[in-house]
Amino acid sequence: MDLHTVETVHAPTRRDAVFPLGPADAVLAGGTWLFSEPQPHLVRLVDITALGWEPITMSDAGIELAATCTIAEVAALSTTLPDTHPEWAAAPLFRRCATALVAAQKIWRTATVGGNICLSLPAGSMISLSSSLDATLTVWRGADESYTSSVEGFVTGFTSNILQTGDVLRSIQLPAAALRAHTAVRSLAQSPLGRSGVVVIGRRDLPADGGAYTLSVTAATLRPLVFRFPAVPDSDTLRTTLTEIPESAWNDDLHGDPDWRAAMTMLLAEQVRDELA
């Protein structure tokens, strides 16, 4: 879609040239959502792909994904990591989360991790991935200041997050301990090609990494919910924890009503628990 009000496209090559950003500016990376509907308030686009960030950086500490890393590049990690980092047992999770995004391959090659997270839809596939792997987000606030946040702290509701005018998501860090863990995923949609109505991901850390159990719930709720246990919980403990999710937290749209989402979350969480126990 043409954005008829946009007068300028700025492609900075340095951090200090990105700022300042105002309410009539939009950060452009993949642009798959930005160009999908009218944006009459915009006058300028700031194309951060010209900054030349390395999409994926690996180290002993884990994986850093640039905000401009594409969904296709993330999905490919499920194929490449078993050869380069066989100890990172969570490798299948990358493609599995990417497939929760109802999109053609051409969208995968354009849409970015940062865009998916900043859009902050309940069914954001990169939100599901990041919340299940204890990701840390790094955000630029102006040319000199930065801050970090967990994903569950970043997304505050349906398409809302903590970004202020002028903030730019820079990167997503996935710690090695989470990547070494065993994971299990369950998801449901009410139609074969529909947006995910429930996504539940379990992660059991290795004993050497503390043996903790993490359960993330996305798509079913307005924002990602992450529950942490010292070990794989029993069924009663898990059920008690999930029943404490307040009614106001459940998503209610054409892809599923709150009662269905709550019931399916309970069912899928138990399946995930059984698989990882």
Side-chain angles (χ1 to χ4, degrees), residues 56-65 69 74-100 113 117 124-138 148-155 171-187 198-221 223-245 265-277:
I56 300 170
T57 304
M58 300 186 197
S59 68
D60 291 342
I63 296 176
E64 178 183 78
L65 303 174
C69 178
V74 169
L77 288 171
S78 290
T79 301
T80 59
L81 285 180
D83 292 329
T84 63
H85 293 77
E87 72 278 13
W88 288 351
L93 190 60
F94 290 92
R95 184 173 182 83
R96 181 66 180 79
C97 285
T99 57
V113 179
I117 293 174
S125 58
M126 296 298 98
I127 294 174
S128 301
L129 173 71
S130 302
S131 61
S132 66
L133 292 178
D134 285 349
T136 298
L137 309 183
T138 297
T148 60
S149 172
S150 65
V151 180
E152 60 267 32
F154 180 86
V155 180
S171 61
I172 300 92
Q173 293 82 34
L174 307 174
L179 294 168
R180 288 190 290 266
H182 296 286
T183 60
V185 187
R186 296 291 188 279
S187 62
V198 184
V199 178
V200 177
I201 303 176
R203 191 188 89 232
R204 189 188 70 185
D205 294 346
L206 296 179
D209 293 318
Y213 182 79
T214 301
L215 184 79
S216 72
V217 177
T218 53
T221 49
R223 54 182 297 270
L225 299 181
V226 181
F227 304 95
R228 295 177 173 85
F229 305 88
V232 178
D234 58 36
S235 294
D236 289 342
T237 300
L238 180 62
R239 177 172 291 275
T240 298
T241 298
L242 294 179
T243 56
E244 293 175 353
I245 297 175
T265 295
M266 195 76 71
L267 174 66
L268 300 186
E270 180 59 25
Q271 291 178 2
V272 166
R273 190 202 71 83
D274 284 343
E275 181 174 337
L276 294 176

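Computed from a predicted structure; not experimentally measured. Quick note: residue numbers are just sequence positions, from 1.
- The shortest side-chain heavy-atom distance between Leu238 and Phe227 does not fall under the 4.5 Å cut-off.
- In terms of heavy atoms, Arg273 sits closest to Val232 at CG-CG1, 3.8 Å.
- Using a 4.0 Å cut-off between charged side-chain N and carboxylate O, Arg228 and Asp134 make a salt bridge.
- In terms of heavy atoms, Pro224 sits closest to Val151 at CG-O, 4.0 Å.
- With contacts defined as side-chain heavy-atom distances shorter than 4.5 Å, the pair Met58/Trp88 qualifies.
- The line from CD of Glu87 to CG of Leu81 is 9.0 Å long, rounded to the nearest 0.5 Å.
- Arg204 is linked by a side chain to side chain donor-acceptor pair (under 3.5 Å) to nothing, counting only residues two or more places apart in sequence or in another chain.
- Using a 4.5 Å heavy-atom threshold, the side chains of Phe94 and Leu174 count as touching.
- Note that CG of Leu133 is 9.5 Å distant from OG1 of Thr214, once rounded to the nearest 0.5 Å.
- Residues Val272 and Val200 approach most closely at CG2-O, 4.0 Å, considering heavy atoms.
- From Leu77, atom CG reaches atom CG of Leu93 across 11.0 Å, with rounding to the nearest 0.5 Å.
- Side-chain contact between Phe154 and Ile127: absent, with no pair of heavy atoms (C-beta onward) separated by less than 4.5 Å.
- Checking side-chain atoms of Ser171 against main-chain N and O of Leu65 turns up no donor-acceptor pair under 3.5 Å.
- Side-chain atoms of Arg223 come within 3.5 Å of backbone N or O of Glu152 as a donor-acceptor pair.
- A donor-acceptor pair shorter than 3.5 Å can be found between the side chains of Thr218 and Ser128.
- Separating the CG atom in Leu179 from the CD1 atom in Ile63 is a distance of 5.0 Å, to the nearest 0.5 Å.
- For the pair Thr183 and Ala90, the tightest heavy-atom approach, listed with the atom from each and the gap, is CG2-CB, 3.9 Å.
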side-chain contact (heavy atoms from CB on, under 4.5 Å) assessment of Val74 paired with Cys97: CA-CA 9 Å; Val74 169; Cys97 285; over 6 Å; no

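- Contact check for Leu242 versus Leu215: side-chain heavy atoms found under the 4.5 Å cut-off.
- Arg96 pairs by the salt bridge (charged side-chain N to carboxylate O under 4.0 Å, His left out) definition with nothing, not counting sequence neighbours.
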Derivation and outcome, side-chain contact (heavy atoms from CB on, under 4.5 Å), residues Val198 and Arg186: CA-CA 8 Å; Val198 184; Arg186 296 291 188 279; over 6 Å; no

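- For the residue pair Ala89 and Pro92, the shortest heavy atom distance occurs at O-CD, 3.3 Å.
- Nearest heavy-atom pair across Thr138 and Thr148 is OG1-CG2, 3.9 Å.
- Taking 4.5 Å as the limit, some side-chain heavy atom of Ile56 sits within range of a side-chain heavy atom of Cys69.
- For the atom pair OG of Ser149 and CG of Leu137, the computed distance is 5.5 Å after rounding to the nearest 0.5 Å.
- A donor-acceptor pair under 3.5 Å is formed between the side chain of Arg203 and the backbone N or O of Ser132.
- Within 6.0 Å of the CZ atom in Arg239, the count of heavy atoms belonging to other residues, nucleotides or ligands does not exceed 12.
- Evaluation of the side-chain contact (heavy atoms from CB on, under 4.5 Å) rule for Ala75 yields Arg95, Ala98, Trp108 as partners, not counting sequence neighbours.
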